[in-house]
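Notes to accompany the following structure.
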Amino acid sequence: GIGMRCFSVRGELHKTALLADLAVEKKHRTVMPALVLTKGLRSHCQREFPLVYGFPNKHAEGLFSRLGYVQLGKMTRYALVLRHADYAGRRIPNALAAAAAGWLADLPYRAAWQHDELARRNQYAFETIGDFDARFDDLWRRAKRTYPILGYRGADLLHWRFRESVGLDYEIVGLRDADGTTLRAYAVLEIEKNAIAHVADVLGESEEHVELLLTMVATRLRQRGFSSISLRFFGSQRFVALLMRLGFKEREANRMLIADTSGALAESRSFIADPSNWYILDGDEDS
């Protein structure tokens, strides 16, 4: 099956198909049934959708490549440790020594976070947001010019994706102008157990706004006792460099991203196949 999405490619919106999981009855899990299904689905998508993307499991990657889908690469998880004492305690038996080692390891991050906040606190403000309002539509219209390939992130889609999700609780935070009129960046946080936060989605008018917002998020989560933040991303190395500046470290990469084009985007296949043009986070997957 497929999910219905919309993507901006070079600023122009295109109806997009998000491939759903392939499900085959156990006794029929041979190549032929899966091939017939995926081949038929690709033919349908080529008639109806200029852009198709998906995240096949490792057993299906070869099948999709055989049919002509482009393997763009794997989504990578990045993690930022906010409090090193817990990690030090796993290696240092003495509690006081572990706490001291953790405190020292935290120093570079605390200094960087405080510097950024103090330098810009009069221009921007951090806000905890109850729901996705009209400011998100305005931010989407401005932000899509920054990213060559970007999934639609209007208030309606964000509300459906995160507020109507069953069994998951998300926090919405934003970076706004000091007067409160304009939203410059937002992040959607999934609060996990063991004082861990996961960034399910983040978008800003510019990379500078995203970097400042994530700096503020890290500062506040640390004050709340959180030990780490993580996010999964695929796309521009400029965004990866942004994460590295904030102290994020690369972890595992285990979710392949594939894509296909047809119709209005048939001539843009090489552009679509360039990983640096994409901006994909967990919010671009199904809930």
Out of the candidates Glu208, Arg142, Arg176, Gln123, only one should pair with Arg184 under the side-chain contact (heavy atoms from CB on, under 4.5 Å) rule; please name it. Arg142

Which atom names give the shortest non-hydrogen contact between Ala187 and Leu213, and what distance separates them? N-CD2, 3.6 Å

Taking atom CG of Asp179 as the centre, does the number of heavy atoms from other residues, nucleotides or ligands within less than 6.0 Å exceed 12? yes

Closest contact, heavy atoms only, Phe162 versus Ala200: CE2-CB, 3.8 Å

For the CD atom of Glu190 and the CG atom of Leu231, what is their distance to the nearest 0.5 Å? 12.0 Å

Can Val202 be reached from Ile191 by stepping across I, L, V, M, F, W or Y side chains whose heavy atoms are under 4.5 Å apart? yes

Assess whether side chain to side chain contact (heavy atoms under 4.5 Å, CB included) is satisfied between Phe126 and Val217, documenting all intermediate values. CA-CA 9 Å; Phe126 182 89; Val217 167; 4.0 Å; yes

Would you indicate whether Glu164, at its atom CD, is surrounded by more than 12 heavy atoms from other residues, nucleotides or ligands within a distance under 6.0 Å? yes

Without placing hydrogens or testing angles, list every side-chain donor-acceptor pair under 3.5 Å for residues 28-45, not counting sequence neighbours.
from	atom 1	to	atom 2	distance (Å)
Arg29	NE	Val24	O	2.7
Arg29	NH2	Val24	O	3.2
Thr38	OG1	Ala34	O	2.8
Thr38	OG1	Leu35	O	3.3
Arg42	NE	Asp260	OD2	2.7
Arg42	NH1	Leu67	O	2.5
Arg42	NH2	Asp260	OD1	3.2
Arg42	NH2	Asp260	OD2	3.2
Ser43	OG	Lys39	O	3.2

Quick one: closest heavy-atom pair of Leu150 and Trp140, and the distance? CD2-CZ3, 3.5 Å

Nearest heavy atoms of Val199 and Leu189, plus distance in Å: CG2-CD2, 3.9 Å

Atom CZ of Arg5 and atom CG of Leu18: how far apart are they, to the nearest 0.5 Å? 5.5 Å

Main chain of Ser230, side chain of His198: is a donor-acceptor contact present, judged purely on distance under 3.5 Å? yes

If you measure only the distance, is there a donor-acceptor pair under 3.5 Å linking the side chains of Thr76 and Glu250? no

Among Lys74, Arg77, Arg232, which residue meets the salt bridge (charged side-chain N to carboxylate O under 4.0 Å, His left out) test with Glu252? Arg77

Would a distance-only check, ignoring hydrogens and angles, find a side-chain to backbone donor-acceptor pair under 3.5 Å from Trp278 to Ala273? no

Derivation of the side chain to side chain contact (heavy atoms under 4.5 Å, CB included) call for Leu203 and Tyr147: CA-CA 10 Å; Leu203 183 69; Tyr147 305 92; 3.5 Å; yes

Ring centres under 6.0 angstrom apart (His209, Tyr124): yes

Using a strict 4.0 Å threshold on nitrogen-to-oxygen distance, state whether Arg245 and Glu207 make a salt bridge. no

Phe49 backbone acceptor or donor facing Ser262 side chain under 3.5 Å: yes

Arg220 side chain near Phe226 side chain, heavy-atom distance below 4.5 Å: no

In this structure, would Val188 and Leu221 fall into the same cluster of hydrophobic residues linked by side-chain contacts under 4.5 Å? yes

Using the rule side-chain hydrogen bond (donor to acceptor under 3.5 Å, both in side chains), only one of Asp133, Asp137, Asp138 pairs with Arg135; which is it? Asp133

Ser227 side chain vs Ala195 backbone, donor-acceptor pair below 3.5 Å: yes

For Asn277 and Phe271, indicate whether the former's side chain and the latter's backbone hold a donor-acceptor pair under 3.5 Å. yes

Is any side-chain heavy atom of Leu214 closer than 4.5 Å to a side-chain heavy atom of Leu243? yes

Could you go through Ile172 and Leu158, starting from their C-alpha distance and side-chain angles, then the distance that decides it, and tell me whether this counts as side chain to side chain contact (heavy atoms under 4.5 Å, CB included)? CA-CA 10 Å; Ile172 310 166; Leu158 294 172; over 6 Å; no

What is the distance from atom CD of Glu61 to atom CD of Gln71, rounded to the nearest 0.5 Å? 5.5 Å

Would the distance check show the side chain of Arg163 and the main-chain N or O of Gly130 forming a donor-acceptor pair, the cut-off being under 3.5 Å? yes

Are Tyr279 and Phe233 an aromatic pair by the rule of ring centers under 6.0 Å? yes

Can you check whether Ser206's main-chain N or O pairs, donor with acceptor, with Thr146's side chain at less than 3.5 Å? no

Relative to the ring of Phe132, is the ring of Tyr186 parallel (under 30°), tilted (30 to 60°) or perpendicular (over 60°)? perpendicular

Find out if a path of hydrophobic residues (ILVMFWY) with successive side-chain heavy-atom gaps under 4.5 Å connects Val210 to Leu139. yes

Can you tell me if Asp284 uses its side chain to pair, donor with acceptor, with the backbone of Leu281 under 3.5 Å? yes

Quick check on the hydrophobic clustering: are Leu257 and Phe239 connected, directly or via other members, by side-chain heavy-atom contacts under 4.5 Å? no

In the single-linkage hydrophobic clustering (I, L, V, M, F, W, Y; side-chain heavy atoms under 4.5 Å), do Ile2 and Leu63 co-cluster? yes

Nearest-0.5 Å distance that lies between atom CD in Glu285 and atom OH in Tyr53: 8.0 Å

With the side chain counted from C-beta on, respond yes when Leu265 and Val9 share a heavy-atom pair under 4.5 Å apart, and no when they do not. yes

May I have the step-by-step check of side chain to side chain contact (heavy atoms under 4.5 Å, CB included) for Phe55 and Ile280, ending in yes or no? CA-CA 11 Å; Phe55 305 86; Ile280 295 286; 4.0 Å; yes

Nearest heavy-atom pair of Gly204 and Ala185: which atoms, and what distance? CA-CB, 3.7 Å

Any idea which heavy atoms bring Lys15 and Pro50 closest together, and the distance? O-CD, 3.1 Å

